[in-house]
Amino acid sequence: MSDATAPRPTHRGIAMLRRIDPAVAASFGCILLLLLVGSLYSRSFLSPDYLLQQLKVASFLGVIATGMMLVILLGQIDLSVPWVVTTGAMMACAAAAHGTTGAIIAIPCGILCGAAIGLLNGIGVAYLRIPSMIITLATNAVAQGLMVAYTGGFAPQDSASKAMRYLATGNIVPGLPNAVLVWAIIGGAAIWLLSRTTFGRAIYAIGNRERAAYLSGIDTRRITMLAFALSGALSACGGVLLAGYASKAAQSMGDAYLLPSIAAVVLGGTHILGGRGSYLGTVAGVVLITLLQSILSVMQISEAGRQLIYGAVIILMLLIYGRQKL
Amino acid sequence: MTEWRYWLSEQRGTLLAIGIFVAMFLLYATNHPAGFSANMVQTAANKATLLAFVAMAQAIVVITAGIDLSVGMILTLTNCLASWIVVGTATETALGVAGVLGTGIVCGMINGAIVIFGRLQPIVTTIATGAMYYGIALFLRPNPGGSVNETLADALTGRLFGVLPTSLVALAAAALLIWVPYSRSVVGRAAFATGSSEVAAYMSGAPIRAAKFVAYTLAGLLSAIGGLFLTFFSYTGEAAYASGNAYTLFSIAAVVLGGVSLMGGRGSAIGAIFGALAFRTIGDLLFVFDFDPLWQPLFQGLVLMLAVSIGAFGLVRVRNRLEWFG
């Protein structure tokens, strides 16, 4: 009996192919398709310079989407991304304005502010049992209110510290932008966290059925709270990188990251109701969305057309392979 | 006697919303520098009806346990469209109004069709379609401008018999003509049934799909009425991302304040209307008490957060811990 089911060496390749998530394969296929379409439009699409530049732009979204993925795996959602990103950027810049000490604590300060908002989300979702969609919208509004009150309604005058700029635009390894390196480190940590730690397994378990996870002895409330705090910290980290990239923070810099971060995670094959998904898929989703945005802007389509095509393509892709089972 | 108590417990959320609004408005009216006058009521009513229409839209969808994050963008889109076509002679204006309302209905139908037949999550769907609607709005009005039939606009934002604000009459008419027949119809009841338990509704043969489809369609229609009124007040159309987003956010706040359960199945559009009126009054209270306008977003965010946390008090009554997980 066991002989019949054990994979013979010749079938091992087929077995490996079967193990690949169709959604992940589909999104990698879409990336190749986009590159093909792009290269038909312009030769420079396949040049290493262009691809590295895209990877650098993708890394901001990648860091934010990592946090979003943790939360979506739980079966929740984090809609506070726009203003947590902005808060991270503004607070880091604000700290950077305070001399040498400020420049040193700028990056941790921004990230910790995001983690604090995320913690608030987590407490609301895990301990007060408020639907995540609602509490994160509320904290988003509070973060916006705090930032508007802080900046006085004008564009903040503080600029990013040297370290932030270096982190977003410099190269430690020649040819490889630091931002990509940051994403690679965070991505590696996420893969390790999700597949090698009890924390990661607990996240999948809660996403599948929280009640069962609780009954099997997992402290589901603590895990949920921590995941939201991590999501806040990672969103803010994305904001810090963005502020370093633009060398300043702006009021609506986070607005452009809510839909893409959710779309990247879902397009990458993570189930929106939680419990299933791999980080590799999220990487594919992030690259896919960045390429799509880039091609639309290279084709010089107006902002209006871009929003329209962008929304339509995301719905279309989800209809093709992201549908929930009945 | 028991019949009466049943009705009371069913309407508790709505009655609470009315109570909150009356208390808020009395506080506002008695502290208003200009004193309690028909003029003051008219201004307050005109500002609040916009949100009330969008809140009604949101409530109808939330009752089916869905959510529509595109209501603000439908409002923006119809606002831009109305600034083009609601002009000219009486016939042209009438056709224009019909066109605007029809657009809202189509937007709602698209949302409904994708959610029902595409089997995508409402939250992802409506964020993506919201981006599309915003894109179309940008096509129509990249810069603020346009005009509207001023006779109609003044008639609908003025006062009836010199006392009653016409916008409130229009709001009441919409509630009577749309909400009351809907909530008493088979489809409306099916919407409530779907919201409390989709499986149970399915097994008892309720028309789930029709209920959801009609809910999203009506939400589109009501948002379009909101957009039409926005044009009547401002005489212009403007594709403003931030304002569209704010309407979506505030509609959820109004729905929560109005006693509509975000889990679905409980509440009424009437409650949402009073929730919207109360929420707007809260914002205005700050001006009456001479707060810096910069603190308004923070204050509204905190009120929203407080409102969503109210539901957590139910946890105190939970005897069995497994009930936490629903």
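Each chain gets a letter, A, B and so on, in the order the sequences are listed, and its residues count up from 1.
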To the nearest 0.5 Å, what is the distance between CD1 on B/Ile67 and CD1 on A/Ile77? 10.5 Å
Closest approach of A/Ile315 and B/Ala128, non-hydrogen atoms and distance? CG1-CB, 3.6 Å
Which atoms of A/Ser252 come close to chain B, meaning under 4.5 Å heavy atom to heavy atom: side chain ones, backbone ones, both, or neither? neither
Measure the spacing between CG of A/Leu120 and CE of B/Met305 and express it to the nearest 0.5 Å. 4.0 Å
What part of B/Ile127 gets within 4.5 angstrom of chain A, counting heavy atoms only: side chain, backbone, both, or neither? both
Could you look at A/Asp255 and say if it's the side chain, the backbone, both or neither that has a heavy atom under 4.5 Å from chain B? both
Residue among A/Ala304, A/Gly145, A/Ala312 with most heavy-atom pairs under 4.5 Å to chain B: A/Ala304
Max heavy-atom pair count under 4.5 Å with chain B, selected residue of A/Leu258, A/Leu259, A/Val313: A/Leu259
Going from CG on B/Leu138 to CD on A/Gln307, what distance comes out if it is rounded to the nearest 0.5 angstrom? 6.5 Å
B/Leu140, part contacting chain A, at a heavy-atom distance under 4.5 Å: neither
Looking at chain B, which one of A/Ile135, A/Asn140, A/Leu215, A/Ile314 has the largest number of heavy-atom pairs inside 4.5 Å, strictly under? A/Leu215
Residue A/Ile262 versus chain B: region with a heavy atom under 4.5 Å: side chain
May I ask you to test the B/Leu120-A/Leu319 pair for a side-chain heavy-atom distance under 4.5 Å? yes
Engaged part of B/Phe299 at the chain A interface, taking heavy atoms whose separation is under 4.5 Å: neither
Separation between CG (B/Asn245) and CD (A/Gln144), nearest 0.5 Å, reads 8.5 Å
Under 6.0 Å from the CZ atom of A/Arg209, do we count more than 12 heavy atoms belonging to anything else shown? no
How long is the span from the CG atom in A/Leu308 to the CD1 atom in B/Ile136, to the nearest 0.5 Å? 5.0 Å
Using non-hydrogen atoms and a 4.5 Å limit, figure out which bit of B/Leu262 sits close to chain A: side chain, backbone, both or neither. side chain
Euclidean distance, A/Leu79 CG relative to B/Leu69 CG, rounded to 0.5 Å: 6.5 Å
Per-residue contact mode, A/Ile309 against chain B (heavy atom under 4.5 angstrom): neither
With a 4.5 angstrom heavy-atom cut-off, could you sort out which part of A/Arg306 is near chain B: side chain, backbone, both or neither? neither
Which heavy atom in B/Gly301 sits nearest to a heavy atom in A/Ala141, and how many Å separate them? CA-CB, 3.8 Å
